[in-house]
There are 2 protein chains.
Amino acid sequence: MSNPASPESANLPARFSHARHVQAKAVMEDYVEMISDLLAEMGEARIADIAQRMGVTHPTATKAVARLKTAGLAVSRPYRGVFLTEEGAALAEKVRARHRTLVDLLIAVGVPAEVAELDAEGMEHHVSDAALAAFRTYLAK
Amino acid sequence: MSNPASPESANLPARFSHARHVQAKAVMEDYVEMISDLLAEMGEARIADIAQRMGVTHPTATKAVARLKTAGLAVSRPYRGVFLTEEGAALAEKVRARHRTLVDLLIAVGVPAEVAELDAEGMEHHVSDAALAAFRTYLAK
DNA sequence: TGCAAAATTTAGCCGCGGCTATATTGTCTG
DNA sequence: CAGACAATATAGCCGCGGCTAAATTTTGCA
């Protein structure tokens with residue numbers, strides 16, 4: 001039994017640890033979604049376009065893609081465009097849907113659209129499936 | 001004029017850049033709030049307690065405090081407890097209030113309390129003043 | 001077709017924020 | 001009051017995710 005007498009500080013370490021774990025995946029999620037967007041728009045995701053849209057230099061994008069490949073989310077041949085694995089594509093879709101739902105929720109509670117987009121970019125990675133479900137239920141009303 | 005014909009991808013770099021900038025401050029905010037909590041509870045913030053509550057090893061806490069000192073948020077003498085500067089204390093208060101408001105909002109839209117606490121830990125750093133104001137207005141209804 | 005320009009990669013730097021292992025300092029007790 | 005133990009600090013490692021500068025490959029055009 002979790003002791004209710006112990007202050008709520010007891011599970012704080014776990015909360016912070018969880019937040020760190022989620023955050024570690026955040027950048028990867030952003031790159032995957034961006035690659036997915038570029039594939040849909042232009043049929044190809046080039047390093048230069050990824051870098052430009054992420055607001056990052058080319059070498060940074062190259063390194064990020066290398067990490068994606070190591071993680072099994074993307075594939076590419078040298079000097080060629082980047083593509084997503086099935087797993088990468090699935091992640092992109094999940095991330096995209098979560099982003100939209102969060103923005104919709106923020107707007108629904110009165111946050112200006114511009115602000116909602118800006119804040120959602122960082123918040124979205126920490127929205128759990130349980131929270132997402134609650135958001136959808138709320139928005140359905 | 002910002003071209004409305006250009007797709008919304010135009011300001012994406014700025015959005016990501018903003019999210020990265022916010023994220024860079026996140027860990028610091030967490031440590032400052034924790035130190036503030038410890039000062040309130042025990043009159044002193046010791047490295048061992050900071051580390052324990054953050055779910056981190058002692059040396060990691062020491063290094064974090066060093067960064068806080070460099071940033072002008074904390075002060076400490078070697079082998080002694082850590083204290084906050086006025087700026088650090090003000091930041092702690094702001095962070096604490098923002099956290100509470102976010103948790104309240106999540107609960108208000110139907111997120112279970114446990115989940116709200118967990119998700120808020122990571123989301124909170126990205127909640128802008130504008131969004132916070134909207135949250136308060138919503139909760140006041 | 002061959003060369004110049006553009007795109008990509010590689011190399012190497014930085015600070016952050018984790019870690020383990022070790023050294024140092026403070027404290028408490030026998 | 002001395003020595004053991006607890007707390008803190010230091011050293012050094014790692015991967016991430018930025019960067020600049022330089023090498024390499026691809027591409028497009030004269």
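Residue numbers begin at 1 in each chain, while the letters A, B, ... track the order of the sequences. Just so you know, these numbers come straight off a predicted model, no measurement behind them. We use all heavy atoms of the structure for the numbers below, so side chains are in, but hydrogens, waters and symmetry mates are not.
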Colleague: Quick check: on DNA chain D, is the nucleotide nearest B/Ala45 upstream (toward 5') of the one nearest A/Met28, or the reverse? Name the residue that is more 5'.
Modeller: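 Its nearest nucleotide being more 5', the pick is B/Ala45.
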Colleague: It should be established whether B/Thr60 places a side-chain nitrogen or oxygen under 4.0 Å from OP1 or OP2 of nucleotide C/dG17.
Modeller: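 Indeed not, no polar side-chain atom of B/Thr60 lies that close.
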Colleague: Send over the distance from B/Glu29 CD to C/dG17 C1', rounded to a whole Å.
Modeller: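 That distance rounds to 16 Å.
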Colleague: Rounding to a whole Å, what distance do you find between B/His21:NE2 and C/dG15:C1'?
Modeller: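 The answer, rounded to whole Å, is 15 Å.
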Colleague: Any base atoms under 4.0 Å from A/Ala64, or only sugar-phosphate, or nothing? Heavy atoms, all strands.
Modeller: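 Since no nucleic acid heavy atom lies under 4.0 Å of A/Ala64, the category is nothing.
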Colleague: Rounded to whole Å, please give me the gap between CE in B/Met54 and P in C/dC19.
Modeller: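 So the CE-P distance, B/Met54 to C/dC19, works out to 11 Å.
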Colleague: Under 4.0 Å from OP1 or OP2 of C/dT9: is there any side-chain N or O of A/Thr62 that close?
Modeller: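 So the side-chain polar atoms of A/Thr62 do come within 4.0 Å of the phosphate oxygens OP1 or OP2 of C/dT9, strictly under.
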Colleague: Looking at the side chain of A/Val56, which of C/dT9, D/dA9, D/dG18 is the nearest nucleotide?
Modeller: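 Looking only at heavy atoms from C-beta outward on A/Val56, the closest nucleotide is D/dG18.
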Colleague: Step by step, would you call A/Gln52 with A/His58 a side-chain hydrogen bond (donor to acceptor under 3.5 Å, both in side chains)?
Modeller: CA-CA 8 Å; A/Gln52 190 267 313; A/His58 304 175; over 6 Å; no
Colleague: Does OP1 or OP2 of C/dG15 have a side-chain N or O of B/Arg67 closer than 4.0 Å?
Modeller: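 For C/dG15, OP1/OP2 do not have a side-chain N/O of B/Arg67 under 4.0 Å.
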Colleague: Using a strict 4.0 Å threshold on nitrogen-to-oxygen distance, state whether B/Glu41 and B/Arg53 make a salt bridge.
Modeller: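 The answer is yes: the pair qualifies as a salt bridge.
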Colleague: Check B/Glu33 with B/Lys94, please: is the shortest side-chain N to carboxylate O separation under 4.0 Å?
Modeller: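 The answer is no: the pair does not qualify as a salt bridge.
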Colleague: Would you indicate which nucleotide in C/dT8, D/dA9, C/dT9 comes nearest to any side-chain atom of A/Arg46?
Modeller: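 For A/Arg46, the side-chain atoms sit closest to C/dT8.
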Colleague: Roughly, in whole Å, what's the span from NZ in B/Lys63 to C1' in C/dG15?
Modeller: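 For the pair B/Lys63 NZ and C/dG15 C1', the rounded distance is 10 Å.
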Colleague: Take the protein atom CZ of B/Phe16 and the nucleotide atom P of D/dG18, then report the distance between them rounded to whole Å.
Modeller: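 To the nearest whole Å, that distance equals 10 Å.
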Colleague: If you look at every strand shown and take non-hydrogen atoms under 4.0 Å, does B/Pro78 touch a base, only sugar-phosphate, or nothing?
Modeller: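 It contacts sugar-phosphate atoms only.
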Colleague: Taking the side chain from B/Thr101 and the backbone from B/Ala97, do they hold a donor-acceptor pair closer than 3.5 Å?
Modeller: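 Between the backbone of B/Ala97 and the side chain of B/Thr101 there is a qualifying donor-acceptor contact (under 3.5 Å).
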Colleague: May I ask you to decide if A/Gly72's main-chain N or O and A/Thr85's side chain share a donor-acceptor pair within less than 3.5 Å?
Modeller: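 Side chain of A/Thr85 to backbone of A/Gly72: a pair is present.
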Colleague: B/Tyr31 side chain N/O closer than 4.0 Å to the phosphate oxygens (OP1, OP2) of C/dG18?
Modeller: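 So the side chain of B/Tyr31 is within the cut-off, an N or O lying under 4.0 Å from OP1 or OP2 of C/dG18.
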Colleague: Is B/Arg80 near enough to C/dT27 that one of its side-chain N or O atoms lies under 4.0 angstrom from OP1 or OP2?
Modeller: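 Yes, because at least one side-chain N or O of B/Arg80 sits under 4.0 Å from OP1 or OP2 of C/dT27.
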